[in-house]
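A, B, ... follow the sequence lines: proteins, then strands. Residue 1 opens every chain. Note that this is a predicted model, so its numbers are computed, not measured.
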Amino acid sequence: MEEAEKNQEVAADGLVPKLEKEEKEEVVSSSGKHEEEEQQVVEKIPEKQEDLMEKLEGLTVTKVADKAEDMADKPESVVNSERQQLDAAVEAETEIKKVIADDTPYTSAKTFEELNLSPELLQGLYSEMKFEKPSKIQAATLPMIVTPPYRNLIAQAHNGSGKTTCFVLGMLSRVDPKLKVPQAICVCPTRELVIQNEAVVVKMAKYTGVTTASTANADSSNSLTHSVSRRDRIVDQVIIGTPGTLKRWMTRDKILDTRSIKILVFDEADQMLDQSGFQDDSMRIMRDIDRSRGNCQVLLFSATFGENVKQFALRTIPRANYIFVEKEALSLDAIKQYKIHCPNPGAKIDVLQNRIFPAAEKLGQSIIFVRTRHSASELHKRLEADGYKCTSIQGGLSHEERDHVIQEFRSGETKILIATDVLSRGFDQAQVTLVINYDIPVKSVPPYTPEFETYLHRIGRSGRFGRKGAAFNLLVTDQDERNLRKIEQHFNTMISDVAWDDDNAIEKVLKDAGLA
DNA sequence: AAAAAAC
């Protein structure tokens, strides 16, 4: 079982953004070792498919088996195509390992030009987005996304490495602005992410004539059974939304025509497909689109794919190309992680106010993560009562309140934001240098083991696109200690101790992190 | 001893 899973695992080390590259490159560039590893990966593929066949049941088996037979039939071409993707130059610097579903040859994109994007789209990339060349994950995935036969793709890459650009370019390159019907859908887990992603689409699409619609602009849910159903059919090409509203638009309201949808994106895909996440809605959306128009390209993107959801995704998304990263390679070196053991719950406030805030003031912006909605507003009240300027956001607030809090934080007016996990994923604000886990993320049911993926997403709110960042974990109980140790082991990363009562410890540590 | 969306 474990062997099989290991074979399944395809690592993509070094999906690191530009600024961090120098360090990483030293590690990977000199030896020819990864080349050997590549060969092994190539040779293992037929065997891997057999393992997969044994493990899977039902519908999926047929598909995977077909694939395995294909491979057995023409091992030469498979091996050849695998070799073709070992594009020497790119390979040497990216160390990306990927698996492709057929014998379509893909060459890593060193420039955006070679992707055959429209001039309008390229202009958006250069003059609006100020992008020069593809990041590593972009170089690896964009050819897979935009090259016929438009295979499905499951792609994992580090926090802040440029995944959004991958799927936004994917969507924009596939839609026809002359056709006034929905052609691309992007599903996101939160309202904030919908708004953020829509802004990227609008910016990148500036010269293309493509328009967007999003569930966040729709009227809020009270008064409007009427006004929503009265809405006209959507004529925009790119639709961005949260799963519930998208589903309603497709089924009850019938304002979202899915017959022309060519590409369907799941951002934060592991959460969107997780059973305790949005699995039901996501599957429903996929099925409905598949029924009204087959052959829709599905893209899954996330920084994390826990083992279960990874297997589910591979079973669910047929004939997908995929790229995965070993979990041990996921924590970014640019984000230094610390733990502060507090003698009692009250000391958390003390550490926050007297140790962290004074140091944080000079840095940039900070996000403090807590476990519940209630503790978000409680901590907010407490800090405000003590004279600290901060805001808080959680799903219990009205949409207007949430928008307002985010807008103030985006503008830099507020430096300290208290948040539940509504903001743990995807939120992209370059100025965030500090993440504080006021509570460690844990599962909601006994034995309250750590939520590894959430931890990684939270600390990934800092250190965007290779910038430096720091994360402080406040611990009180023995269970906190145990859970943090598990997190260290899980990601094979070092979380150093900082004394809670030392005046200078935080300052010193931030200097070490390259922040002070 | 939960959060997210949304009914």
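One atom, CG of A:Asp421, and another, P of B:dA1, lie 18 Å apart when rounded to the nearest Å. Spacing between atom CG of A:Asp270 and atom P of B:dA4 amounts to 17 Å, rounded to whole angstrom units. Protein atom CD of A:Glu453 is 16 Å distant from nucleotide atom C1' of B:dA4, rounded to whole Å. The interatomic distance linking A:Ile440 (CD1) with B:dA1 (C1') rounds to 15 Å, in whole Å. Put simply, CZ on A:Arg252 is 14 Å from C1' on B:dA5, counting in whole angstrom units.
Each of B:dA2, B:dA5, B:dA1 was ranked by its minimum atom distance to the side chain of A:Gln479; first place goes to B:dA1. In the set B:dA5, B:dA4, B:dA2, the nucleotide with an atom closest to the side chain of A:Ser444 is B:dA2. Taking every side-chain heavy atom of A:Gln271 into account, B:dA4 is the closest of B:dA4, B:dA2, B:dA1.
Not one N or O on the side chain of A:Gln237 forms a donor-acceptor pair closer than 3.5 Å with the backbone of A:Pro182.
Using cut-offs of 30° and 60° for the angle between ring planes, the A:Phe452 and A:Phe491 rings count as perpendicular. Using cut-offs of 30° and 60° on the angle between ring planes, the pair A:Phe301 and A:Phe167 is tilted.
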Please lay out, stage by stage, how A:Thr414 and A:Glu408 fare under the test side-chain hydrogen bond (donor to acceptor under 3.5 Å, both in side chains). CA-CA 6 Å; A:Thr414 43; A:Glu408 277 186 343; 4.7 Å; no
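Taking only side-chain nitrogens and oxygens, A:Arg458 never comes nearer than 4.0 Å to OP1 or OP2 of B:dA3. A sub-4.0 Å separation between OP1 or OP2 of B:dC7 and a side-chain N or O of A:Arg248 is present. Contact annotation: A:Thr420 does not reach the phosphate of B:dA2 (side-chain N/O to OP1 or OP2, under 4.0 Å).
Remark: A:Lys206 NZ is loosely packed, at most 12 non-hydrogen atoms of other residues, nucleotides or ligands lying under 6.0 Å away. Counting heavy atoms of neighbouring residues, nucleotides and ligands inside a 6.0 Å radius, atom CG of A:Asn344 exceeds 12 of them.
Within residues 369-376 of chain A, the residues approached by DNA chain B to less than 4.0 Å at the level of any non-hydrogen atom are A:Arg371, A:Thr372, A:Arg373, in residue-number order.
Residues A:Ile349 and A:Leu379 have side chains in contact (heavy-atom distance under 4.5 Å, counting atoms from C-beta outward).
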